[in-house]
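Note on naming: letters A, B, ... go to the chains in the order of the sequence lines (proteins, then strands), and numbering restarts at 1 for each one. Just so it is clear, the structure is predicted and the values come from calculations on it, not from any experiment. Any value given below was found using the heavy atoms of this structure, including those in side chains, with hydrogens, waters and symmetry copies removed.
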Amino acid sequence: MTRTIDKENTKIAAAKKMRDIMTTYYLDALSASENNRQVAWITSGGPVEPLVAMDIIPVYPENHGAMIGSAKMGEDLCSKAEEMGYSTDLCAYARADIGCSVAKGGPIGGLPKPDMLICCNNICGTVLKWYEVQARYYGVPLFILDTPVCHTGFFPETAAYVKAQITEYIGFLETATRRKMDMDRMNQVGHLSLEGQKLWQQVLRTTAHKPSPMSAFDAFFFLALIVTLRGTTTAVDFYRELIAEMNDRIAKGISVVPDEQYRLLWDNLPVWHRLKWLSKKFSNHRACLVADTYTSAWCGAIQYIDPDNFLDSIAQAYTRIYLNIGIDQMADQVLDMIQFYDVNGLVMHSNRSCKPYSFGQMDIMRIVQKKAGIPVLMLEADMVDPRSFSESQMETRIDAFMEIILQRGATGRGGQ
Amino acid sequence: MIYAGIDIGSITAKAALIEDNRLLATHTVFTGYNPAAAGRQVFDELLMQTGISAGAVKKVVATGYGRASVEFAHKTLTEIICHGAGAHFLNTGVRGVIDVGGQDSKAILLDAQGHVENFAMNDKCAAGTGRFLEVMAQALQIPLDQMGEISLGAENPVKISSICTVFAESEVISMIARQKDRRDIAAGIHRSAALRVASLAGKIHLAPPVVMTGGVAKNKGMLQALEDYLGYGIKVGAVPQENGAVGAAVLAAGT
């Protein structure tokens, strides 16, 4: 049966509100010094809640990197860093951020100057040197939170080591702000953070419905709030509305991909500069990328958070994130998602920029093929740098992958 | 019922006709700068050669990088699925295909029904493709179609360490300057290209029986180097270069 799809109806209304919230957030950050507020740059996986509790505005170079990628400004800014002597092998977020600091360019004219830098290495090792470079460039203090890899488990020594650093972190903030941390406020922010993460999880889980009311491409967009405004009522209120809209779409049978036939899982960061192209490419095959391992990382450690003992519990929660665990555990999570979202195939973005995310993908690919029996596609690209993207090669791989899924029949399952 | 497959590659355009599960004929022309015209030409010439009228062809499937430019095709499919179908059609027991064409090389894993289980392709790099060999043949000043034979006489194949085609060419030129034996250089070139292709096969755990397709399958030096790396024999059919077009015709019949 062919159904006429009203394009306006398939649009997600909350997107406008989200843009407004992000604009306000960046305006606040850019005018922070005029309002006697401090700005901290923080890595995407870093514990932001103490900053929010101390009324410091957190700014994310990685979120900015995603904006640079989406605005297709990655090549220019990365080239700028390369001119300065940085290798093309370095992460494009780092290159774009360093290039942007010097060029004062980018989609919002550069990030506000930081008063301090907070670097947590739970996502990668690159951030250490990247933040050291920026600390020297801006002449501001840097706090490093070292979260040991937990490839084989989480041990009491690790917990104690990270907990001690969380205490140092609070001390660092108190010195930087010359104020004492208000523990009641910290407690409140902790509750809001957990609530926000739970709501984000609910948003993502709405796509288990067939047809899916939104796609991973929408999740890549709506992710910004749980990253940047985690621990605030803004994020909590927004995600409540978004869930309501998703449930409404489900009730009305509105799908994001017209006539959804195939459901796919995405692995790794998005290709920010090609979101529209990729979304259209899969949509033309009537395939919906219903979920991804990337956006779900911001609700993947909920089980370790204790809202009544927040600061102690985040030592574990921030250490046991997706990129800091072992390949076997990552594969288990991917397998769980394959089952929960009932997907026909896995699309893996081998991301030239992100080594910790891309290293091990071949193993996960083999585990998935063996245990879930679904086809897996490996796409080689970069999240920000368009020079690592070849459209015709990408097209052939995606077309071939969809042909394989079609050849396998409705379920796409090979069955091993 | 007659079905046709058209494969527009970066260097050559191929066409194949099949009737009742039997390969009738194939034909190849250079693609040149106009893939649409090459598609038309290769099809028209094949029809003329076989005396079959266009009206007798029930369906046409186009494949290859220029597949979208074949306006008279009923459907387009990627070369991955077509090479798999072609190899299975010409040799039903085949479980793996190594296709090395002008601008890409790929390894394809097939199930018992000839369906593609998995594939791996070269990424944004010409090393390990026909284009790489073409550049090297030029540097060595030997005709491309003789390079395979020449390399078979090598006694001490040289080692080409560069991964990149452009740098590898400089390396070859410096070896010519040092008056290295041409046969040894040609063999070294094949080994270098074969290593890239073998790693694709390894990535998806290709296992015999494997066939090699694409224009480069006609190069005996490359075939031997690949067999050496992989440690098993590789079959080459009668029409390796046209295998993708044959597969396209097979899939035209199947849809």
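Counting heavy-atom neighbours within 6.0 Å of K58(B) NZ, excluding the residue itself, gives a total of 12 or less. Remark: K280(A) NZ is loosely packed, at most 12 non-hydrogen atoms of other residues, nucleotides or ligands lying under 6.0 Å away. By the neighbour-count criterion of 12 heavy atoms within 6.0 Å, atom CZ of F340(A) is densely surrounded, having more than that number from other residues, nucleotides or ligands. The number of heavy atoms from other shown groups lying within 6.0 Å of CZ (F30(B)) does not exceed 12. Counted within 6.0 Å of CG on D336(A), heavy atoms from surrounding residues, nucleotides or ligands total more than 12; the atom is thus considered enclosed. Atom CE of M84(A) is surrounded by more than 12 heavy atoms from other residues, nucleotides or ligands within 6.0 Å. More than 12 heavy-atom neighbours from other residues, nucleotides or ligands sit within 6.0 angstrom of CZ on F72(B).
Of all heavy-atom pairs spanning M121(B) and T396(A), the tightest one is CE-CG2, 4.2 Å. Across all non-hydrogen atoms, the minimal contact from V376(A) to N118(B) is O-OD1, 4.0 Å. Nearest heavy atoms, T78(B) versus E403(A): OG1-OE1, 2.6 Å.
Counting only heavy atoms from C-beta outward, the side chains of F119(B) and L377(A) approach each other to under 4.5 Å. Side chains of R408(A) and E117(B) form a contact here, defined as non-hydrogen atoms less than 4.5 Å apart.
When the heavy atoms of residues 190-215 of chain B are compared with those of chain A, the residues falling under 4.5 Å are G202(B), K203(B), H205(B), listed by number. For residues 79-92 of chain B, heavy-atom neighbours of chain A at less than 4.5 Å comprise E79(B), I80(B), I81(B), sorted by residue number.
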Side-chain polar contacts of residues 5-19 of chain B - donor-acceptor pairs under 3.5 angstrom, sequence neighbours left out - could you list them?
from	atom 1	to	atom 2	distance (Å)
S10(B)	OG	Q103(B)	N	3.4
T12(B)	OG1	K14(B)	NZ	3.1
T12(B)	OG1	Q241(B)	NE2	3.3
K14(B)	NZ	T12(B)	O	3.1

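The salt bridge (Lys or Arg N to Asp or Glu O under 4.0 Å) analysis of residues 85-96 of chain B, with sequence neighbours excluded, yields no pairs.
Both the backbone and the side chain of R397(A) come within less than 4.5 Å of a heavy atom of chain B. If you measure heavy-atom distances from M402(A) to chain B, you find no contacts under 4.5 Å at all. Looking at Q393(A), the atoms closer than 4.5 Å to chain B (heavy atoms on both sides) all sit in the side chain, from C-beta outward.
Between Q407(A) atom CD and L77(B) atom CG the span is 9.0 Å, to the nearest 0.5 Å.
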